[in-house]
Amino acid sequence: MTFVPKFGVARTEDLDELGELLGNLFHGGLDAESWAVERSVLEPERTLIVRDGAELVATATAFTRELTVPGARLPAAHVSMVGVAPTHRRRGLLTELMRRQLTGVRDAGQEPVALLWASEGQIYPRFGYGLACHRLLVDCDTTELRLPDPTAAEGRLRLAKPDRCRAELARVYDGVRPDRPGWSSRNEVWWNFVLSDPVARRGSATERRVLLHEGPDGVNGYALFRTRNDWDMVGPRAITIVDEVVTDDQAGYLAMWRLLLTLDLTRRLTVRGAALDEPLLRLVNEPRRLDARLHDALWLRVVDLPAALTARRYATSIDVVLEVTDDLLPENTGRWRLAGGPDGATCAPSTRAADLACDIRALGELYLGGAGLGELAAAGRVRELRPGALATAAPAFGWHRAPAGMEVF
């Protein structure tokens, strides 16, 4: 029989079936508690679905959130739950879903960029997504790691349950987020999601715990973590699993990590989303023992080129004409003059000769400041059309903080 896909937007009555499809696609299954968490952030009106007759066979959704970018915050489509049933692969469904989703975001005119976590890095570059942010995965033996001695500036540490200190967590996070490209806004719904702790997802570890740091003016830092018990013939070997450490207080940062690295009965520590400029790398007595490994994190797609390049700030003055190609969203194709600096920028069509040339994916890699213009040029991803343009423009795209992908959505 000829397959005629039926594209549509999800309704509330489709969501349980959607949960079954996602459980099959990502090989984890979704128990009732876990699906209730996922469903709580789902926006049906932004969830595209494909049916083969009555059967749901593909989907892609986006969440409405704000993203911190260098020097600014802007609305961004947070893309997630993308997949096609194994029975319906190689039929162009993913390509059409991505086209419809990105075109819809562009037409709505509210979100200049889209971003996602990729299940496989080879999938999304063909839709214009660039690897904008890396993360470090730390999995280390803690027995010989040491931090500097405490200082008089260090405050008080206390343990708490997440549901009893949510307001304090939100206040600290909102205070730190404006200075960290790659972090997303969290309203009440998203705090529920972040702090949710389904038993099926603990992997034999404890429930999530909160470590709070209090300074002279109250709580100014927190860590979300859990532990997993383990013993062998010679004694305890428990593992500390750290999800988030958030603070802009240096003494608090040091105090929280000192406790996390030295919990009684633990011998190992894992961090799943450390930033490339994580201070811990400069604080421990032997950084090599952290065994930090590089992983991809956020992939970003520039949807509205002039709006996106105008929205962020630039580390130094820049005045450059970019020749950009975008096969999926042709509105972005052309020559664009980008002029600005730390206080603002403009981006508009130009008839001036281009200085640099790239595709839309390269702009996604540059956007959060995580990739260097020089390294993209060395990889053949950016071409210098005017001698000297690369050296002049490269410093502007950097930023004083590395982008960080701490929260998988």
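By convention here, the first residue in the shown sequence is residue 1. The structure displayed is predicted, hence computed values, not measured ones.
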Under a 3.5 Å threshold, yes or no: a donor from one side chain and an acceptor from the other, between Thr68 and Arg177?
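Arg177 and Thr68 do have a side-chain donor-acceptor pair below 3.5 Å.
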
Side chains of Asp249 and Thr247 only: does a donor on one sit below 3.5 Å from an acceptor on the other?
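On atom types as modelled, these side chains do not qualify, holding no pair under 3.5 Å.
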
Does Arg186 make a cation-pi contact with Trp191 (under 6.0 Å, within 45 degrees of the axis)?
yes

Within 45° cone and under 6.0 Å: Arg208 NZ/CZ vs Phe225 ring:
no

Residues at least two apart in sequence or cross-chain that pass ring-ring contact (aromatic ring centres under 6.0 Å, His included) with Tyr124, listed by chain then number, are Tyr129

Partners passing side-chain hydrogen bond (donor to acceptor under 3.5 Å, both in side chains) against Arg106 (at least two apart in sequence or in another chain):
Asn332

Taking CZ in Arg126 as the centre, count heavy atoms belonging to other residues, nucleotides or ligands within less than 6.0 Å. Is the count above 12?
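Counting other residues, nucleotides and ligands, CZ of Arg126 exceeds 12 neighbours.
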
Can you tell me if Arg383 has over 12 outside heavy atoms packed within less than 6.0 Å of its CZ?
no

I want to check something: taking the side chain as every heavy atom from C-beta on, are [X] and [Y] in contact at a cut-off of under 4.5 Å?
{"X": "Thr103", "Y": "Leu329", "result": "yes"}
{"X": "Arg268", "Y": "Thr240", "result": "no"}
{"X": "Glu168", "Y": "Tyr222", "result": "no"}

For the residue pair Trp183 and Tyr173, does the interplanar ring angle fall in the parallel (under 30°), tilted (30 to 60°) or perpendicular (over 60°) class?
parallel

Kindly state whether the ring of Tyr253 and the ring of His213 have centres lying under 6.0 angstrom apart.
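No - the distance between ring centres of Tyr253 and His213 does not fall below the 6.0 Å cut-off.
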
